[in-house]
Amino acid sequence: FTVYGKRMSGQHNLKLGTPASDDIVLYTEDKPKDSKFLNTVSHTFTYQCQNGEEITAVLAEDLANDDTGGNAELVDGGVGKELVSIKITSQRNCGFHFKFTVYGKRMSGQHNLKLGTPASDDIVLYTEDKPKDSKFLNTVSHTFTYQCQNGEEITAVLAEDLANDDTGGNAELVDGGVGKELVSIKITSQRNCGFHFKFTVYGKR
């Protein structure tokens, strides 16, 4: 008795759509999670479009590749929507390590990142202007960080791409944010490109 077929890899990936050659990475997040004895663990990846972005593909990639990784499930949004949420749930007694990547298009040449909307009575708590030269065959990066002082409250943050020619970097929130005591945004250039970003934090004192 002989059965022929294919063995899937030990990866538990979830792929929605296929990125086109001119699509860019709108967001990426890497999440390892330790196991919990006799239980499962979970994490939900979420990305909300900014400034006319369009989601064209999403990949939740199981980096464990040994069949112990979690199961990925679309719980909200998706391709063609303004947001996407994917929940990873581990197997019992197992952890997981997934990478979440959202591909898409930006309608303008700017690669801005906007968090919240400043109110009319908000003030500028901090601003920083950062040009960065390109590095041959590589990317360059810079992280803007602001820590609140003396009871300040962050209400909005803008990382503004001043190049406005579609060569600018991608802005990613890496820590804190609106309503937190700090905010950190990392700018990463496209390969062979530099960037010029302005970072502004709005809030109340």
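Only this structure's heavy atoms are used, side chains among them; waters, hydrogens and symmetry mates stay out.
- Residues forming a salt bridge (Lys or Arg N to Asp or Glu O under 4.0 Å) with D34 (at least two apart in sequence, or on another chain): none.
- There is a path of hydrophobic side-chain contacts, each under 4.5 Å, that joins V201 to L115.
- If you take CG on L74 and CG on L14, they are separated by 7.0 Å, rounding to the nearest 0.5 Å.
- The aromatic rings of Y47 and Y27 sit parallel, their planes meeting at an angle under 30°, below the 60° perpendicular limit.
- Taking a cutoff of 4.0 Å between a charged side-chain nitrogen and a carboxylate oxygen, K105 and E54 do not qualify as a salt bridge.
- The NZ atom of K36 lies 11.5 Å from the CZ atom of R92; values are rounded to the nearest 0.5 Å.
- Remark: I88 CD1 to F100 CZ distance equals 8.5 Å, nearest 0.5 Å.
- Taking both residues in full, the closest heavy atoms of C148 and I154 are given as SG-CG1, 3.6 Å, listed atom of the first, atom of the second, then distance.
- Note that CZ of F195 is 11.0 Å distant from OG of S134, once rounded to the nearest 0.5 Å.
- Using a cut-off of 4.0 Å between Lys/Arg side-chain N and Asp/Glu carboxylate O, K204 and D121 are scored as salt-bridged.
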Q: Take I24 and Y103, measure what side chain to side chain contact (heavy atoms under 4.5 Å, CB included) needs, and give me the verdict at the end.
A: CA-CA 6 Å; I24 62 172; Y103 301 88; over 6 Å; no
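- Evaluated for a side chain to side chain contact (heavy atoms under 4.5 Å, CB included) with T101, the options V25, L26, V58, D30 yield exactly one hit, V25.
- Counting all heavy atoms, side chain and backbone alike, L83 lies closest to Q48 at CD2-OE1, 3.4 Å.
- Rounded to the nearest 0.5 angstrom, K99 NZ and K31 NZ are separated by 15.5 Å.
- Here the straight-line distance linking atom CG of D76 with atom OG1 of T46 works out to 8.0 Å at 0.5 Å rounding.
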